[in-house]
Q: 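Sharing a structure here in structure tokens format.
All values below were derived from every heavy atom in this structure, side-chain atoms included, with hydrogens, water molecules and symmetry-related copies excluded. Just so you know, ligand 1 is whichever comes first in the structure, and atom 1 is the first atom listed for that ligand.
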Amino acid sequence: MTKPEILVSGSYPDWDMDGFRKDFTCHMLEEGAPLSTLSDALRARIAGMAFKSHAMDPEMMDALPALKIIANYGVGYDAIDVAAADARGIAVTNTPDVLSDEVADLAVGMLIAQARRIVEAEAWVTEGLWAKQGAFPLQARVWGRKAGIVGLGRIGREIANRLAAFKMEISYSSRSAKETPGWRHYTDVAAMAGEVDFLIVALAGGPETQGIVDRAAIEALGPEGMIVNISRGSTIDEGAMIEALQSGKLGSAALDVFENEPNLDPRFLKLKNVLLQPHQASATVATRVAMGALPRATLMAWFNGQPLPTPGNGPGRAFPETA
Ligand code: NAP
């Protein structure tokens with residue numbers, strides 16, 4: 001039987017490529033490479049795309065006139081112009097759920113590491129300061145304090161569940177109130193930030209959530225407050241956050257995502273009150289294996305005319321078209 005042809009954008013580990021090649025004839029498109037590197041005849045045949053890159057714009061969609069489905073590796077749709085895909089009848093899927101616990105683990109790990117200064121405390125040992133200067137300075141408590149989750153989606157809820165187990169008082173901000181075990185709901189992020197110790201950002205990325213954590217929210221959190229961001233760099237006013245960290249209007253931050261990653265604003269590297277991570281919240285072998293399996297299953301389902309394993313083009317949108 002002839003295998004369906006797909007375009008595979010970005011780079012994948014061998015286990016994913018082996019899986020793709022087992023089921024599909026794969027045409028590779030390196031991250032950032034223009035579609036013009038592919039022949040017109042090939043572009044005219046491509047109906048399915050495994051997507052692991054930073055941008056899919058309308059021009060790229062037009063360069064693939066037969067395209068019907070983009071299976072995004074990662075949760076969210078911010079790298080893809082979904083409205084343009086909708087207008088062209090192209091389904092867009094992503095990889096929700098399989099990474100929520102992993103990302104929540106790192107968010108909590110970052111919060112504890114930053115509050116208890118675990119990284120600096122290790123340097124205190126390895127640089128000999130323990131022996132020379134004595135005990136490491138006392139730190140802020142983590143358990144029992146107040147956490148505000150910005151965006152109580154799948155990941156936000158897993159973070160809240162974990163922090164509740166640390167006996168924290170949980171608040172969350174979202175457009176509508178959710179069913180919770182008594183967690184406090186806010187619609188205004190700054191209002192919530194003024195009431196909590198830790199502000200953990202778990203929003204979807206994209207233009208609609210750009211800068212939701214604004215200067216007012218950052219300053220409301222205050223000199224003892226901490227921001228943890230595992231969502232996207234775009235969700236926080238990064239310039240305002242850096243200024244607040246520099247001036248002491250914000251106590252500290254633990255960040256996995258940045259506006260211009262991997263080329264961070266150089267001011268971050270001079271700050272002593274930040275914990276910086278290389279966008280690695282979902283990066284365990286087990287979760288990446290699960291994430292890689294979803295686009296393959298999605299493309300296979302689509303080519304076989306079966307329902308997609310995850311809804312296309314955003315929540316609640318079961319995209320009807322199949323091959
Ligand atoms: P989700 O379940 O769809 O939750 C998204 C959250 O964003 C919801 O709380 C939603 O709030 C909020 N939101 C969406 N659009 C909004 C808007 N226009 N205005 C205000 N709030 C809006 O997604 P998830 O699975 O939890 O993932 C969340 C995000 O985490 C992903 O989109 C991705 O950017 C990021 N992420 C990062 C990593 C990493 O490695 N650091 C890994 C995976 C995911 P409502 O409740 O008001 O709808």
Side-chain angles (χ1 to χ4, degrees), residues 10 51-52 54-55 72-80 82-83 92-111 147-163 170-180 183-192 199-214 217 227-238 253-259 261-262 264 275-288 290-292 294-295 310-317:
F51 181 84
K52 192 182 174 205
H54 286 107
N72 182 32
Y73 179 101
V75 75
Y77 299 94
D78 48 307
I80 298 170
V82 176
V92 186
T93 64
N94 70 152
T95 59
D97 297 316
V98 293
L99 44 62
S100 302
D101 285 298
E102 212 71 82
V103 177
D105 276 0
L106 192 80
V108 174
M110 286 162 58
L111 187 157
I149 317 290
V150 186
L152 198 75
R154 290 169 295 242
I155 294 172
R157 189 171 283 272
E158 290 304 336
I159 295 169
N161 285 337
R162 282 159 175 71
L163 297 181
I170 308 292
S171 299
Y172 67 98
S173 65
S174 63
R175 291 168 292 183
S176 57
K178 316 279 178 204
E179 208 167 295
T180 70
W183 301 338
R184 186 170 304 148
H185 175 236
Y186 290 83
T187 48
D188 185 66
V189 178
M192 178 171 79
L199 194 75
I200 303 101
V201 189
L203 290 167
E208 290 181 1
T209 56
Q210 175 98 27
I212 282 189
V213 181
D214 58 11
I227 288 182
V228 179
N229 191 10
I230 49 73
S231 64
R232 289 288 182 262
S234 59
T235 59
I236 299 181
D237 180 339
E238 197 170 274
L255 308 167
D256 186 46
V257 286
F258 305 87
E259 261 180 22
E261 61 187 50
L264 271 57
L275 176 75
L276 306 173
Q277 293 288 293
H279 197 151
Q280 63 125 343
S282 70
T284 65
V285 173
T287 283
R288 290 292 168 87
M291 284 170 66
L294 254 182
T310 60
N313 300 38
R317 294 282 309 277

Q: Between the main-chain N or O of Lys178 and the side-chain N or O of His185, is there a donor-acceptor pair closer than 3.5 Å?
A: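 Between the backbone of Lys178 and the side chain of His185 there is no qualifying donor-acceptor contact (under 3.5 Å).
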Q: For the residue pair Trp183 and Tyr172, does the interplanar ring angle fall in the parallel (under 30°), tilted (30 to 60°) or perpendicular (over 60°) class?
A: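 Taking Tyr172 first and then Trp183, their aromatic rings stand perpendicular (interplane angle over 60°).
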Q: So, Asn94 side chain and Asn72 main chain: donor-acceptor pair closer than 3.5 Å or not?
A: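 No, the answer is negative, given that no donor and acceptor are paired below the 3.5 Å cut-off.
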Q: For residues 154-163, which residue pairs qualify under side-chain hydrogen bond (donor to acceptor under 3.5 Å, both in side chains), counting only residues two or more places apart or in two chains?
A: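 The answer is Asp101-Arg162, Asp105-Arg162, Glu158-Arg162.
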Q: What atoms of ligand 1 come closer than 4.0 angstrom to any heavy atom of Val257?
A: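 Counting atoms of ligand 1 from 1, those under 4.0 Å from Val257 are 41 (N).
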Q: Show me which atoms of ligand 1 lie under 4.0 Å from any heavy atom of Val103.
A: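 So the answer, numbered in order with elements, is 42 (C), 43 (C).
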Q: Side chain or backbone, does His279 bring an N or O within less than 3.5 Å of an N or O on ligand 1?
A: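 Between His279 and ligand 1, an N or O pair is found under 3.5 Å apart.
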Q: Check for me whether Glu102 has a heavy atom closer than 4.0 Å to any atom of ligand 1.
A: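 So Glu102 does not count as touching ligand 1.
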Q: Tell me, do Ile212 and Thr235 make a side-chain contact under 4.5 Å, heavy atoms counted?
A: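 A side-chain contact is absent here, since even the closest heavy-atom pair is not under 4.5 Å.
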Q: Are Ile155 and Leu99 close enough, and set up right, to give a side chain to side chain contact (heavy atoms under 4.5 Å, CB included), and what steps lead you there?
A: CA-CA 8 Å; Ile155 294 172; Leu99 44 62; 4.0 Å; yes
Q: Output the list of atoms in ligand 1 that are nearer than 4.0 Å to some heavy atom of Ser174, sorted by atom number.
A: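 In order of numbering, the contacting atoms are 46 (O), 47 (O).
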Q: Find all atoms of ligand 1 within a distance of less than 4.0 Å from any non-hydrogen atom belonging to Ile230, and give their numbers and elements.
A: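 Counting from 1, the qualifying ligand atoms are 35 (C), 36 (N), 37 (C), 38 (C), 39 (C), 41 (N).
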Q: Could you tell me if any non-hydrogen atom of Ile212 lies under 4.0 Å from any atom of ligand 1?
A: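 It does, in that a heavy atom of Ile212 comes within the 4.0 Å cut-off of ligand 1.
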Q: Using a 4.0 Å cutoff against the non-hydrogen atoms of Arg232, which atoms of ligand 1 qualify?
A: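 Result: 33 (C), 34 (O), 35 (C), 36 (N), 37 (C).
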Q: Looking only at heavy atoms, is any part of Ser100 under 4.0 Å from ligand 1, and if so is it the side chain, the backbone, or both, or is it neither?
A: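 Near ligand 1, Ser100 shows nothing, with every heavy atom at 4.0 Å or more.
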Q: For ligand 1, is any non-hydrogen atom under 4.0 Å from Asp256's backbone (N, CA, C, O), its side chain (CB onward), both, or neither?
A: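 Looking at Asp256 and ligand 1, just side chain atoms fall under 4.0 Å.
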Q: Hey, is Pro96 one of the residues with a heavy atom under 4.0 angstrom from ligand 1?
A: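 Not so, Pro96 does not reach ligand 1.
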Q: State the atoms of ligand 1, each with its element, that fall below the 4.0 Å cut-off from a heavy-atom position in Ala281.
A: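 Listed by number with element: 39 (C), 40 (O), 41 (N).
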Q: Please report the shortest heavy-atom distance between Gly206 and Asp78, naming the atom on each side.
A: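 For Gly206 versus Asp78, the nearest heavy atoms are N-CB, 3.6 Å.
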Q: For the pair Thr95 (side chain) and Gly74 (backbone), establish whether a donor and an acceptor sit closer than 3.5 Å, ignoring hydrogens and angles.
A: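 At least one qualifying donor-acceptor pair exists.
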Q: Side chain or backbone, does Gly153 bring an N or O within less than 3.5 Å of an N or O on ligand 1?
A: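 Min N/O separation from ligand 1 is below 3.5 Å for Gly153.
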Q: Heavy-atom contact under 4.0 Å between Ser282 and ligand 1?
A: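 Per 4.0 Å heavy-atom rule, Ser282 contacts ligand 1.
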Q: When you compare the side chain of Ile170 with that of Leu163, does any pair of heavy atoms fall below 4.5 Å?
A: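 Counting from C-beta outward, Leu163 and Ile170 do come under 4.5 Å.
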Q: Are any side-chain N or O atoms of Thr209 and backbone N or O atoms of Ala204, one a donor and one an acceptor, separated by less than 3.5 Å?
A: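 Yes.
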Q: Contact between Arg232 and His279 at the side-chain level, heavy atoms closer than 4.5 Å - yes or no?
A: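 SC-SC contact between Arg232 and His279 confirmed.
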Q: Using the test salt bridge (Lys or Arg N to Asp or Glu O under 4.0 Å), find all partners of Asp256 that sit at least two apart in sequence or belong to another chain.
A: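 With sequence neighbours excluded, Asp256 shows a salt bridge (Lys or Arg N to Asp or Glu O under 4.0 Å) to no residue whatsoever.
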Q: With only distance considered, is Asp78 within less than 3.5 Å of ligand 1 through an N or O on each side?
A: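 The answer is no, given that Asp78 and ligand 1 share no N or O pair closer than 3.5 Å.
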Q: Before signing off on this row, confirm whether Arg154 and ligand 1 have an N or O atom pair separated by under 3.5 Å.
A: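 So ligand 1 has an N or O lying under 3.5 Å from an N or O of Arg154.
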Q: Numbering the atoms of ligand 1 from 1, which are under 4.0 Å from a heavy atom of Lys178?
A: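 So the answer, numbered in order with elements, is 45 (P), 46 (O).
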Q: Quick check on contacts: which atoms of ligand 1 are under 4.0 angstrom from a heavy atom of Gly151?
A: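 It comes down to these atoms of ligand 1: 9 (O).
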Q: Looking only at N/O atoms, are Ala204 and ligand 1 under 3.5 Å apart anywhere?
A: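 Yes: some nitrogen or oxygen of Ala204 is under 3.5 Å from one in ligand 1.
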Q: Any donor-acceptor pair under 3.5 Å linking the side chain of Thr287 with the backbone of Thr284?
A: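 Not confirmed, Thr287 side chain does not pair with Thr284 backbone.
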Q: How does Thr209 reach ligand 1, by side chain, by backbone, by both or by neither, if only non-hydrogen atoms under 4.0 Å count?
A: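 The answer is the side chain of Thr209.
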Q: If you measure from atom 14 (C) of ligand 1 to every heavy atom of Arg175, Glu208, Met291, which option wins on shortest distance?
A: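 Answer by nearest heavy atom: Arg175.
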Q: For Gln280 and ligand 1, does the shortest N/O to N/O distance drop below 3.5 Å?
A: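 No, no N or O pair falls under 3.5 Å.
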Q: Among Ile155, Leu152, Thr235, which one puts a heavy atom closest to atom 26 (O) of ligand 1?
A: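 Minimum heavy-atom distance to atom 26 (O) of ligand 1 goes to Ile155.
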Q: Would you mind reporting whether Leu199 and Met192 have side-chain heavy atoms less than 4.5 Å apart?
A: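 Answer yes - side chains close enough.
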